[in-house]
Amino acid sequence: MASADILHVDLDAFYASVEQLLNPALRGKPIAVGAGVVLASSYEAKHYGVQSGMPTRQARSLCPQLVTVPGHFSEYQRLSDQVFDICGDLTPIVERISIDEAWLDVSGSTHLFGDSATMARALRKRVLDETGLPLSIGAARTKFLAKVASQVAKPDGLVVVEPDHEMEFLHPLPVRLVWGVGPVTQAKLAERGVHTIGELAQLKPQALERMLGDAAGKHLNALAWNRDPRGVERHRRSGSMGAQSALPRQAPTDELVSQTLMRLADRVGTRLRKKDRGGRTIAIRIRIPEQRAISRRRTLGSAISGSDAIHRVALELAHQAIKEEKIHEISLLGVSVSGLREGTALQLELALGQGESGAGSDEGVRRWELDRAIDQARERFGKEAVGHGGVVFGRQSVPDEFRELAEKKDD
DNA sequence: TCTGGGGTCCTAGGACCC
DNA sequence: TCTGGGGTCCTAGGACCC
């Protein structure tokens with residue numbers, strides 16, 4: 001039988017731990033990173049029910065002694081990179097899931113460093129010694145089990161699931177630990193008296209599929225029976241890029257919608273062009289206060305990455321939706337581009353070279369050159385140097401540095 | 001002042017094709 | 001007599017993850 005050669009490594013309450021590392025006075029105290037909204041919280045704060053996404057005001061009512069800090073975003077990226085560089089010394093097969101989590105396949109390294117439990121202990125020690133950060137690790141035969149194990153190990157622990165004890169480890173655990181079981185699914189399962197992964201395994205697959213849909217049902221049944229075929233993959237290209245912005249509730253005037261969408265389209269377009277990618281499907285999202293979110297999308301004949309082009313489509317979709325749904329108040333706008341593909345700049349250059357013409361083609365080239373000029377000016381003089389269409393950025397609910405950390409880094 | 005921002009995947013229904 | 005069946009692409013919405 002294969003051994004427990006997959007590690008799931010997870011930095012505990014990462015942003016908050018960094019703050020406590022940088023400022024010893026914060027250690028042992030309930031802290032939250034973020035100004036108006038909680039972006040991350042320490043274990044001491046979680047203990048009071050403080051969660052990310054929560055307005056700071058609400059967090060403070062739950063925990064009056066809560067200390068809020070603005071956040072050292074560049075430190076988060078630096079320390080995260082340092083930790084995963086250390087992981088890379090154990091094995092080249094590292095799949096980063098986010099800024100604070102990764103899977104490692106260490107099966108090829110046992111002859112160098114010993115078994116996976118030995119490696120995991122050494123890794124935790126080295127990360128603590130070199131960065132000062134607590135790292136929890138789960139070691140198991142599959143990605144799923146390793147991830148569950150690291151959750152059980154938290155905070156600051158190590159859990160190794162030996163291959164011949166997998167079921168006895170897995171089945172008593174709450175169903176909530178299964179990847180893909182969130183609040184809604186958990187509630188549906190609870191209605192049927194299913195609370196543990198073992199109880200989940202006892203449900204007939206057909207019943208599960210009826211309850212949760214085909215894919216989710218099959219997925220959950222497979223995991224409950226400990227069948228997880230996934231391997232650790234080093235790179236994964238993202239399939240979409242988006243940006244959104246929460247707004248104080250207000251009427252969706254033409255000016256507000258157009259300016260906000262321009263800012264969002266430009267944010268997305270800039271990122272796309274930087275990676276020399278474009279996408280065919282443009283989508284917008286509008287949140288109506290105390291109601292559902294509305295979305296609209298349109299798939300174009302070819303991929304685009306220009307800020308103006310994205311903005312034009314997004315604006316049409318938004319106007320259409322606002323009219324159709326008779327929306328008179330909004331509290332969020334979002335733009336995303338999906339169906340991503342490589343090399344749009346190159347394609348445009350080729351089209352140019354071949355003298356491809358047609359309605360709007362010259363205009364397209366002109367806009368592409370304008371985008372490129374703006375991108376270059378921003379590279380040289382900073383982000384605020386040049387704006388698109390004279391858009392002035394107001395105060396934002398969340399700092400740009402935080403947005404950047406949340407972006408998927410995928411190459 | 002009941003929820004921030006970046007993502008992934010799935011579903012149901014419709015259009016369209018063979 | 002009221003009509004098969006599979007495949008692909010698209011749209012809107014939703015659950016979930018960090």
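In what follows, chains carry the letters A, B, and so on, assigned in the order in which the sequence lines appear, proteins first and then strands, with residues in each chain numbered from 1.
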Next on the checklist: Expressed as a whole number of angstroms, how long is the span from A:Gln151:CD to C:dC18:C1'?
Outcome noted: 11 Å
Checklist entry - Taking atom P of C:dC17 as reference, at what distance in whole Å does atom NZ of A:Lys143 sit? => result 16 Å
Checklist entry - How do A:Ser331 and A:Glu404 order along DNA chain B: which one's closest nucleotide is nearer the 5' end? => result A:Ser331
Checklist entry - Looking across every strand, which nucleic acid part, if any, lies under 4.0 Å from A:Ile294 by heavy atom: base, sugar-phosphate, or nothing? => result sugar-phosphate
Item to check | Expected output: side-chain A:Arg277 to main-chain A:Leu272 donor-acceptor under 3.5 Å | outcome: no
Checklist outcome for this item: Rounded to whole Å, the CG-P distance (A:Leu264 to B:dG4) equals 14 Å
Checklist entry - Looking at OG1 of A:Thr68 and CG of A:Leu39, how far apart are the two atoms once the value is rounded to the nearest 0.5 Å? => result 11.0 Å
Next on the checklist: What is the distance, to the nearest angstrom, from the CD atom on A:Glu95 to the C1' atom on C:dC17?
Outcome noted: 13 Å
Next on the checklist: Looking at A:Lys147 and A:Asp228, is any side-chain nitrogen of the basic one under 4.0 Å from a carboxylate oxygen of the acidic one?
Outcome noted: no
Item to check | Residues A:Glu44, A:Ser42; criterion side-chain hydrogen bond (donor to acceptor under 3.5 Å, both in side chains); working and verdict | outcome: CA-CA 5 Å; A:Glu44 296 84 359; A:Ser42 67; 3.0 Å; yes
Checklist entry - Taking the six-membered ring for Trp, are A:Phe402 and A:Tyr15 parallel (under 30°), tilted (30 to 60°) or perpendicular (over 60°)? => result perpendicular
Item to check | Near-strand residues of residues 177-205 of chain A, defined as heavy-atom separation under 4.0 angstrom from DNA chain C | outcome: A:Val178, A:Trp179, A:Gly180, A:Val181, A:Gly182, A:Pro183, A:Val184, A:Thr185
Item to check | A:Thr260 OG1 to A:Ile330 CD1 distance, which is reported to the nearest 0.5 Å | outcome: 6.5 Å
Checklist entry - Between A:Arg285 and B:dG6, is there a side-chain N or O to OP1/OP2 distance below 4.0 Å? => result no
Item to check | Nearest-neighbour nucleotide for the A:Val398 side chain, B:dG6, B:dG4, C:dC17 considered | outcome: B:dG4
Item to check | Expected output: side-chain A:Arg273 to main-chain A:Arg372 donor-acceptor under 3.5 Å | outcome: no
Item to check | Contact state string [nucleotides 8-16 of chain B, B base, S sugar-phosphate only, - no protein heavy atom under 4.0 Å] | outcome: S-SS-----
Item to check | Neighbour count above 12 (heavy atom, 6.0 Å) for A:Glu324 CD | outcome: yes
Next on the checklist: Checking A:Arg280 against A:Thr299: is there a side-chain donor and acceptor pair closer than 3.5 Å?
Outcome noted: no
Item to check | For atom CD of A:Glu407 and atom C1' of B:dG5, their distance in whole Å | outcome: 10 Å
Next on the checklist: When both hydrogen-bonding distances must be under 3.5 Å and the geometry is Watson-Crick or G-U wobble, what is C:dC18 paired with, if anything?
Outcome noted: B:dG5
Checklist entry - Going by number, which of residues 53-66 of chain A have a non-hydrogen atom under 4.0 Å from DNA chain B? => result A:Gly53, A:Arg57
Item to check | Side-chain donor/acceptor of A:Ser338 to backbone N/O of A:Gly239, under 3.5 Å | outcome: no
Item to check | Pair A:Arg78 + A:Asp81: basic N to acidic O under 4.0 Å | outcome: no
Next on the checklist: In whole Å, I'd like the distance from the CZ atom of A:Phe73 to the P atom of B:dG6.
Outcome noted: 13 Å
Next on the checklist: Quick check against the 3.5 Å criterion: does A:Glu325 have a side-chain atom that pairs as donor or acceptor with the backbone of A:Ala321?
Outcome noted: no
Checklist entry - Which is true for A:Ala243 with a 4.0 Å heavy-atom rule: it touches a base, it touches only sugar-phosphate, or it touches nothing? => result sugar-phosphate
Checklist entry - When we call it a touch if two heavy atoms are under 4.0 Å apart, what does A:Arg296 touch: a base, just sugar-phosphate, or nothing? => result sugar-phosphate
Item to check | Whole angstrom value for the distance that separates C1' of C:dC18 from CZ of A:Phe14 | outcome: 13 Å
Next on the checklist: Work out how far the C1' atom of C:dC16 is from that of B:dT3, and round it to whole angstrom.
Outcome noted: 15 Å
Item to check | Spacing of A:Glu290 atom CD relative to B:dT1 atom P, expressed in whole Å | outcome: 12 Å
Item to check | Touch class at under 4.0 angstrom, heavy-atom based, for A:Arg280 against every strand present | outcome: sugar-phosphate
Checklist entry - When all nucleic acid strands are considered with a 4.0 Å heavy-atom cut-off, which category describes A:Gln244: base, sugar-phosphate, or nothing? => result base
Next on the checklist: Any side-chain to backbone donor/acceptor pair from A:Arg141 onto A:Asp5? Under 3.5 Å, distance only.
Outcome noted: no
